[in-house]
Structure formats: C-alpha cells, structure tokens
Amino acid sequence: MFVCAQSPATTRSGLPFDAHLSRTKRQQLLTSIQVGDRCSGVVAAVSRSEVTVTLDGFAARPLGVVGPLDVSWQQRMVDAAVVGQRITAEVLAVDLEVDRVWLSMAATENPELWGFLKRLRYGQRLTGTVAAIESFGVFVTLDEGPDHPVYPGVGFITYPELSWRRFEAASEVVEVGQPVYCEFLQFDMWNGEARLSLRATQPDLFLWFVDNIAVGQRLTGQVTKVLPFGVVVRVAEDVEGLVHLPELSADPGRAPEDVVQVGEELTVVVTDIDRERRRLSLSLRQA
C-alpha cells in the first residue's frame with residue numbers, strides 16, 4: 001500500500017490554508033482601524049520614499065506606511081525613524097485593496113499643534129500677526145493656537161492669496177508686525193501649517209466692476225505697463241485690462257512703445273470679460 005505525501009491544505013481560492021488565515025486576520029485588523037485612530041508598532045524598514053511599520057496585532061508583515069513628509073516636522077527622516085524603533089502614529093488613510101495603513105508620526109510628535117489644525121474648518125475666520133515675509137509666502141502667528149516648532153508662525157499665506165490686486169512684492173500688501181484677519185483654507189499636513197487667505201476677507205473689486213460693464217462699452221484708463229504683446233490699462237481702482245497687440249493699432253508692425261507710453265490716458269473698448277480667470281480684454285483700435 002502506497003501513501004502519497006500530503007500537499008498543504010488549500011482554500012477554494014487556491015491559497016494555502018495558513019495564508020488564507022493570515023489574510024483574514026489582516027483584513028479584520030484593517031477594517032477595525034479608522035482615520036484619526038492612533039496605532040503603535042515597530043519600524044521595519046526606512047527608505048528614501050517611506051517608513052514601513054509592523055503594527056501591533058499583526059506581525060506577519062508590515063502594514064503601516066509613513067510617507068517621507070509625514071515622518072516629522074522637526075527632524076530629517078533618517079533621524080526620526082530607525083529600524084527597530086517603537087512608534088505611535090495617527091492614521092491618515094486605510095487602503096483595503098493594497099493592505100496599507102497610511103500613518104503620520106508628525107501628528108504624535110506635536111499633538112497640540114496637530115489637534116488645533118484638525119479642528120479648523122474651511123472658511124473659518126482667524127486673526128493673527130505677520131511674523132515673516134519670504135519669497136514663497138507670508139508666515140502668520142495666530143492669536144489662538146500654539147507656536148510652530150519650526151516656522152515663524154502656524155499660519156501661512158501664499159502670494160496669490162494675499163490680495164485681489166496685482167503687486168510686485170508682498171511688502172506692498174503686508175508688513176511684519178501687522179495684524180491680519182484671514183480665512184482658513186486647508187490644513188497643510190506636510191508642513192503642519194494652516195493655509196490662509198487674506199484676499200478672501202476683502203471685496204473683489206474686479207468682479208464688482210465687470211458686473212457693471214458690458215462688451216462693446218467704452219472705458220477710459222491710464223497705461224500702467226507696456227509689454228511686448230500689448231499694454232496694460234488701469235480702468236478703475238485695482239482693475240486693469242489688457243490691450244493685445246492686434247487691438248493696439250491698425251498697423252500690426254508697430255511696436256507697443258511706438259503707439260502709447262506709460263501714464264498716457266486712453267479710451268478703449270471692452271472686447272471680452274473672463275470672470276473665471278479674472279481677465280478683461282480691451283481694444284484701442286476699435287475705439
């Protein structure tokens with residue numbers, strides 16, 4: 001009588017029985033985790049792109065992943081995460097399709113700041129003081145809320161959100177030490193900042209102006225810029241329109257500076273109003 005060697009037990013899916021149990025346990029663990037929960041585990045590997053974490057309750061494989069920008073607001077990734085280190089991190093997302101739990105170590109590194117930023121809601125009005133002006137934006141120290149562990153302020157305003165009007169430098173709009181009243185846009189998890197808008201609290205004079213004019217209407221304004229492709233004309237306070245080169249003169253070969261000069265008063269005709277892109281097209285030739 002011959003006895004065949006038994007093959008490993010399998011499930012209907014064809015997976016080995018122990019692998020099926022492992023996957024079932026893995027799914028049970030993942031479905032029990034919610035965004036905002038705190039999970040603990042041990043760092044399994046550190047690379048340039050991520051930190052993988054073996055979560056408590058499932059030692060078979062690392063399920064936790066911390067992106068490079070979610071490791072720390074204060075330290076470099078290589079200093080903040082070391083293989084074998086025990087960590088506690090907050091859950092940002094759970095992906096059941098690829099069996100991954102996306103985590104933030106920065107959230108638990110500074111829980112007071114993280115908690116404050118999570119409570120803010122889009123459109124909420126905040127007050128603060130301009131702390132620093134940089135080439136990439138303006139930092140704001142908020143009146144209510146903790147200090148930032150790295151930056152001059154928890155609030156941050158990008159240049160487009162400073163004002164509805166055109167400007168060359170942020171110093172034309174704000175100065176260090178100036179009190180500001182801003183609107184909250186979003187929680188920047190990568191930098192631990194409250195992204196703010198100063199212009200959202202101010203009236204948009206462009207939209208108000210174009211609501212009261214029509215295509216074909218004549219306007220009078222002053223030339224503020226002469227460009228290779230046309231000239232900019234200020235037709236109202238903080239409202240400018242562009243006369244494209246073909247609409248500047250009947251002679252297409254003439255350079256803009258040969259037709260008009262900065263400071264010159266012109267009468268122009270409205271040819272197009274683009275509310276979405278906030279652009280006003282004008283014509284000197286038609287006028």
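Closest heavy-atom contact between Tyr159 and Gly137: CE1-N, 3.3 Å. Here the closest non-hydrogen pair linking Val71 and Ala81 is CG1-CB, 4.5 Å. Contact record, Arg61 with Val98: NH2-O, 4.5 Å, taken as the closest heavy-atom pair. For the pair His148 and Leu113, the tightest heavy-atom approach, listed with the atom from each and the gap, is CD2-CD2, 3.9 Å. Closest of all the heavy-atom pairs between Gly155 and Leu142 is N-CG, 4.2 Å. Across every non-hydrogen atom of Leu284 and Thr267, the tightest pair is CD1-O, 3.5 Å.
At distances below 3.5 Å, not a single donor-acceptor pair connects side-chain atoms of Thr52 with backbone N or O atoms of Pro62. Side-chain atoms of Asp274 come within 3.5 Å of backbone atoms of Glu276 as a donor-acceptor pair (strictly under, hydrogens ignored). Not a single donor-acceptor pair under 3.5 Å links the side chain of Arg100 to the backbone N or O of Val94. In this structure, Glu264 contributes its side chain and Gln261 its backbone to a donor-acceptor pair below 3.5 Å. Remark: side-chain polar atoms of Gln178 are paired, donor with acceptor, to backbone N or O of Glu175 under 3.5 angstrom. Between the side chain of Arg285 and the backbone N or O of Pro246, at least one donor-acceptor pair lies under 3.5 Å.
A parallel orientation is assigned to the rings of Tyr151 and Phe139, their planes being inclined by less than 30° (bins at 30° and 60°).
A salt bridge does not link Arg166 with Asp238: none of the charged nitrogens is closer than 4.0 Å to a carboxylate oxygen. A salt bridge links Arg278 to Asp204: one of the charged nitrogens lies within less than 4.0 Å of a carboxylate oxygen. Look at Glu265 and Arg234 and you find no salt bridge, because none of the NZ, NE, NH1 or NH2 atoms lies under 4.0 Å from a carboxylate O. Taking a cutoff of 4.0 Å between a charged side-chain nitrogen and a carboxylate oxygen, Arg195 and Asp188 qualify as a salt bridge. The pair Asp56-Arg86 meets the salt-bridge criterion, with a side-chain N (NZ, NE, NH1 or NH2) lying under 4.0 Å from an Asp/Glu carboxylate O.
Side chain to side chain, Gln27 and Asp99 meet the donor-acceptor criterion of an N or O pair below 3.5 Å. No side-chain donor-acceptor contact under 3.5 Å links Glu247 and Thr271. Looking at Ser72 and Glu109, their side chains do bring a donor and an acceptor atom within 3.5 Å of each other. Between the side chains of Thr127 and Asp143, at least one donor-acceptor pair of N or O atoms lies under 3.5 Å.
The CG atom of Leu55 lies 8.0 Å from the CG atom of Leu30; values are rounded to the nearest 0.5 Å. Considering CG of Asp70 and CE of Met105, their distance stands at 10.5 Å, rounded to 0.5 Å. Residue Leu96 holds its CG atom at 11.0 Å from CZ of Arg26, rounded to the nearest 0.5 Å. Residue Ser197 holds its OG atom at 7.5 Å from CD1 of Ile157, rounded to the nearest 0.5 Å. Interatomic distance, Leu162 CG to Glu172 CD, rounded to the nearest 0.5 Å: 10.5 Å. Remark: Cys39 SG to Ile33 CD1 distance equals 4.0 Å, nearest 0.5 Å.
When the side chains of ILVMFWY residues are joined at heavy-atom separations under 4.5 Å, either directly or via intervening members, Leu219 and Val262 end up in a single hydrophobic cluster. Under a hydrophobic-cluster definition in which Ile, Leu, Val, Met, Phe, Trp and Tyr are linked whenever side-chain heavy atoms come within less than 4.5 Å, directly or via other members, Val66 and Phe187 are assigned to different clusters. Criterion: ILVMFWY side-chain heavy atoms under 4.5 Å apart, direct or through other members. Under it, Val174 and Phe184 are part of a common hydrophobic cluster. Linking Ile, Leu, Val, Met, Phe, Trp and Tyr whenever their side-chain heavy atoms come within less than 4.5 Å puts Leu126 and Val173 in one cluster.
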After noting the C-alpha distance and the side-chain angles of Trp73 and Asn110, does the key distance pass the side-chain contact (heavy atoms from CB on, under 4.5 Å) rule?
CA-CA 9 Å; Trp73 296 329; Asn110 197 319; 4.1 Å; yes

Which is it for Gln202 and Trp164 under the side-chain hydrogen bond (donor to acceptor under 3.5 Å, both in side chains) test, yes or no, and what are the steps along the way?
CA-CA 8 Å; Gln202 304 166 347; Trp164 292 111; 5.1 Å; no

Go through Val140 and Leu196 one step at a time and tell me if the side-chain contact (heavy atoms from CB on, under 4.5 Å) criterion holds.
CA-CA 9 Å; Val140 177; Leu196 307 173; 4.2 Å; yes

What do the steps show when you test Thr88 against Ser40 for side-chain hydrogen bond (donor to acceptor under 3.5 Å, both in side chains), and what is the final call?
CA-CA 4 Å; Thr88 298; Ser40 297; 3.0 Å; yes

Between Leu280 and Val235, does a side-chain contact (heavy atoms from CB on, under 4.5 Å) hold up when you go through it step by step?
CA-CA 10 Å; Leu280 181 64; Val235 293; 3.9 Å; yes

Go through it in stages, so that I can follow the logic: the residues are Val51 and Met77, the test is side-chain contact (heavy atoms from CB on, under 4.5 Å), and I'd like the CA-CA distance, side-chain angles, deciding distance and then a yes or no.
CA-CA 9 Å; Val51 174; Met77 186 166 67; 3.9 Å; yes

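Other residues, nucleotides and ligands contribute over 12 non-hydrogen atoms within 6.0 Å of the CZ atom of Phe136.
Put simply, the side chain of Val268 does not reach to within 4.5 Å of the side chain of Ser283, judged on heavy atoms.
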